[in-house]
Amino acid sequence: MYRMPRGTRDILPEEQSHWRYIEARAAQLCQLYGYERIDTHVFEDSRLFVRSIGEETDIVQKEMYSFSDRSGSWLTLRPEGTAPVCRAYLEHGMHSRPQPVKLYYITPIFRYERPQAGRYRQHQQFGFEAMGDVDPALDAEVIEMSWRFYIGLGLENLVLKLNSIGCRLCRPRYLEKLKDYYRDKGELICTDCRRRRVTNPLRLLDCKKESCLSVAESAPKSSEHLCPECCQHLDDLRRYLGFLSLPFSLDHTLVRGLDYYTRTVFEIQPPGERGPQATLGGGGRYDDLIEELGGRPTPAVGFATGIERVILNLREQQGSVPDLPYPTIFVAYLGQEAKEEALKVASQLRGAGVGVLLAYGERSLKAQLRQANASGAKQAIIIGEEEAGAGVAVLRDMVKGEQKSVPRADLLAMLVR
Ligand code: AMP
């Protein structure tokens, strides 16, 4: 027996209503805010991710699905959605379009992580990116949009966390302060963090280990070491979020797991103390990324959320989603001649846009009606030997159990009505 690879999941038909509904809501939301869909392919040049996500991040160090293809190109299955969108922005000359360029995606993401509830090795992300404007009103719009996505699905009691991690001008000074603080904390932090003190000090604040969390709690705060421009940006953003009545709180340990962020970072978390691993979604500004990938300076801001986590939280909060349409008419028959008529009736109805389930094989009428019941059909069209030759069919109301004979030529008009 072959099994799903560890950390992956099949999405069975009974789960599809959640998926289709959430993806449709995402698309509607994007339309409201003027974001257009982009689909990039599943694999990219690995160097794109190493460069953008950062060599010292967990994703690049431990989690990428990378391989060389037959011509020796080094490729990676998309471990996050922003870098491919920036690559596409550059490759297709989108800087010549009206700015900001606003794009969204719904796409599989691959990370070799330790699987657990809500954490998979392939998951689906909905994300959106606004490229080409530095206005904190755009950050506010992205945050409002993210918030509205969850609230619109019926999720409640969510927590919105915000921080600013500064820019390339003010961050180096802050990192020095952080290193100073951590200098004598070697005993208190994990091995990875001891390494991070040298390689990537900002990541110290992001460590999920219990001991490291408490050390991070008292660390110097980036928002208190911003340059005047970053300070103004954060102040404006806070004011705008206030206007929009978004209930955010500042969290100075929030830095996000990817290196490309500048200034604004934010996360939306479900209620309860479940730690950063339970985060519903997050995003922020990445004002230097497009330039680092070879473009002209292009400030940008974006957000991404995992659809599996959204579904997990919807289920926990007993949120409901509409059922997907399914045929409510079942066509049953008895005998060869009737079978041919049944095929015709089913084809005619489907051709007119009416969903129909058809019986197969030579089962008894009783067995076919049991099958109709099990399928949830509201009505059955029954063509027996007698009906076949007489141009009629029996129309049975499966709920009330009542039935009547109707001319087959009238079936379509009756059912459409
Ligand atoms: P990130 O790109 O790490 O900021 O992740 C954005 C969102 O994707 C997270 O908030 C989660 O909702 C979701 N996510 C990230 N990693 C996983 C994973 N391994 N399995 C399922 N969902 C994930």
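Here the structure is a predicted model, which means the values were calculated and not measured.
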Can you tell me if Tyr65 has over 12 outside heavy atoms packed within less than 6.0 Å of its OH? yes
Any carboxylate oxygen within less than 4.0 angstrom of a Lys/Arg side-chain nitrogen, looking at Arg173 and Glu176? no
What residues form a side-chain contact (heavy atoms from CB on, under 4.5 Å) with Asp180, not counting sequence neighbours? Arg183
Answer yes or no: are there more than 12 heavy-atom neighbours, outside Arg47 itself, under 6.0 Å from its atom CZ? no
Does the Lys NZ or Arg CZ of Arg9 fall within the cation-pi geometry relative to Tyr120 - under 6.0 Å from the ring centre and within 45° of the axis? yes
Between Asn313 (side chain only) and Arg309 (backbone N and O only), is there a donor and an acceptor less than 3.5 Å apart? yes
May I ask you to check whether Tyr104 and Phe128 place their ring centres under 6.0 Å from each other? no
Minimum heavy-atom distance between Tyr105 and Ile38, given as atom pair plus value: CB-O, 3.6 Å
Residues in side-chain contact (heavy atoms from CB on, under 4.5 Å) contact with Arg396, at least two apart in sequence or another chain: Leu369, Ala380, Ile382, Met398, Gln403
Ignoring hydrogens and geometry beyond distance, is a side-chain donor-acceptor pair present between Asp236 and Gln232 at under 3.5 Å? yes
Backbone of Trp74 reached by a side-chain donor or acceptor of Ser46 within 3.5 Å: yes
Side chain to side chain contact (heavy atoms under 4.5 Å, CB included) for Phe126 and Ile307? Distances and angles first, verdict last. CA-CA 7 Å; Phe126 159 47; Ile307 300 205; 4.2 Å; yes
Check this for me, if you would: do Arg238 and Asp139 make a salt bridge, where the nitrogen-to-carboxylate-oxygen distance has to be below 4.0 angstrom? no
Evaluate the side chain to side chain contact (heavy atoms under 4.5 Å, CB included) criterion for residues Leu289 and Cys86: first the C-alpha distance (whole Å), next the side-chain angles of each, then the deciding distance (0.1 Å), finally the verdict. CA-CA 8 Å; Leu289 179 56; Cys86 291; 3.8 Å; yes
Does this structure show an ion pair linking Glu113 with Arg6, if we count only N-O contacts that are shorter than 4.0 Å? no
Please report the C-alpha distance between Leu155 and Leu314 in whole Å, then the side-chain angles of each, then the deciding distance to 0.1 Å, and finally whether the side chain to side chain contact (heavy atoms under 4.5 Å, CB included) criterion is met. CA-CA 6 Å; Leu155 290 175; Leu314 266 179; 4.0 Å; yes
Checking the side chain of His92 only, and the main-chain atoms of Met94 only, is there a donor and an acceptor separated by less than 3.5 Å? no
Would the number of heavy atoms belonging to other residues, nucleotides or ligands and lying under 6.0 Å from CD of Glu23 be above 12? yes
For the residue pair Thr82 and Tyr286, confirm or rule out a side-chain donor-acceptor distance under 3.5 Å. no
Are any side-chain N or O atoms of Arg256 and backbone N or O atoms of Gly284, one a donor and one an acceptor, separated by less than 3.5 Å? no
Quick one: OG1 on Thr40 to CD on Glu91, what's the gap to the nearest 0.5 Å? 10.5 Å
With Gln16, which residues qualify under side-chain contact (heavy atoms from CB on, under 4.5 Å), at least two apart? Ile11, Trp19, Arg20, Leu324
Straight-line distance of Ser218 OG to His252 NE2, nearest 0.5 Å: 7.0 Å
d(Thr305 OG1, Phe149 CZ) to nearest 0.5 Å is 6.0 Å
Glu129 and Tyr35: side chain to side chain donor-acceptor pair (under 3.5 Å), yes or no, with the steps? CA-CA 8 Å; Glu129 317 286 347; Tyr35 286 72; over 6 Å; no
Thr199 side chain to Arg195 main-chain N or O, any donor-acceptor pair under 3.5 Å? yes
For Glu14, I'd like to know if atom CD has over 12 heavy atoms of other residues, nucleotides or ligands within 6.0 Å. yes
Nearest-0.5 Å distance that lies between atom CG in Leu175 and atom CD1 in Ile165: 9.5 Å
Indicate whether any N or O donor in one side chain lies under 3.5 Å from an N or O acceptor in the other, for Gln122 and Thr8. no
side-chain contact (heavy atoms from CB on, under 4.5 Å) involving Leu349 - partner list, sequence neighbours excluded: Val345, Val354, Val356, Ile381, Leu412, Leu415
Salt bridge (Lys or Arg N to Asp or Glu O under 4.0 Å) between Asp39 and Arg37: does it pass, once the steps are laid out? CA-CA 7 Å; Asp39 292 294; Arg37 179 155 178 152; 3.1 Å; yes
Kindly say whether Arg119 contributes a backbone atom to a donor-acceptor pair with the side chain of His123 at under 3.5 angstrom? no
Qualifying salt bridge (Lys or Arg N to Asp or Glu O under 4.0 Å) pairs, either residue in residues 100-112, two or more places apart: Lys102-Glu141
Applying salt bridge (Lys or Arg N to Asp or Glu O under 4.0 Å) as the test, list every pair that has at least one member in residues 74-83; sequence neighbours left out. none
Could you list the residues that satisfy ring-ring contact (aromatic ring centres under 6.0 Å, His included) with His18, not counting sequence neighbours? none
By ring-ring contact (aromatic ring centres under 6.0 Å, His included) - contacts of Tyr21 (at least two apart): none
So, the side chain of Asn163 versus the backbone of Leu254: is there a donor-acceptor pair under 3.5 Å, distance only? yes
Would Glu44 and Arg87 pass as an ion pair if we require N to O under 4.0 Å? yes
Ile22 CD1 to Ile311 CD1 distance, which is reported to the nearest 0.5 Å: 4.0 Å
Considering only residues two or more places apart or on different chains, which pairs with a residue in residues 148-163 satisfy salt bridge (Lys or Arg N to Asp or Glu O under 4.0 Å)? Glu144-Arg148, Lys161-Asp251
Taking Asp259 first and then Arg203, would you say they form a salt bridge - that is, a charged N and a carboxylate O separated by under 4.0 Å? yes
Check: Cys167 main-chain N/O paired with Thr262 side-chain donor or acceptor under 3.5 Å: no
Would Ser73 and Ser68 count as a side chain to side chain contact (heavy atoms under 4.5 Å, CB included) if you check the C-alpha gap in whole Å, the side-chain angles of each, and the deciding distance to 0.1 Å? CA-CA 5 Å; Ser73 302; Ser68 293; over 6 Å; no
Is Lys177 close enough and on-axis enough to Tyr181, meaning under 6.0 Å and within 45°, for cation-pi? no
Output all residues satisfying ring-ring contact (aromatic ring centres under 6.0 Å, His included) with Phe266, sequence neighbours left out; order by chain, then residue number. Phe303
Closest heavy-atom pair and its distance - Ile383, Ala393: CG1-CB, 4.0 Å
Shortest non-hydrogen contact between Val159 and Pro270, atoms and distance: CG2-O, 4.5 Å
Sorted by chain and residue number, the ring-ring contact (aromatic ring centres under 6.0 Å, His included) partners of Tyr89 (sequence neighbours excluded) come out as none
Check whether any side-chain N or O of Glu308 sits under 3.5 Å from a backbone N or O of Gln124 as a donor-acceptor pair, and report yes or no. yes
Looking at Gly186, is its backbone amide N or carbonyl O close enough to the side chain of Arg194 to form a donor-acceptor pair, meaning the two atoms are under 3.5 Å apart? yes
Distance to the ring centre below 6.0 angstrom and angle to the axis at most 45 degrees; does that hold for Arg121 and Tyr112? yes
Contacts of type side chain to side chain donor-acceptor pair (under 3.5 Å), residue Arg363, not counting sequence neighbours: none
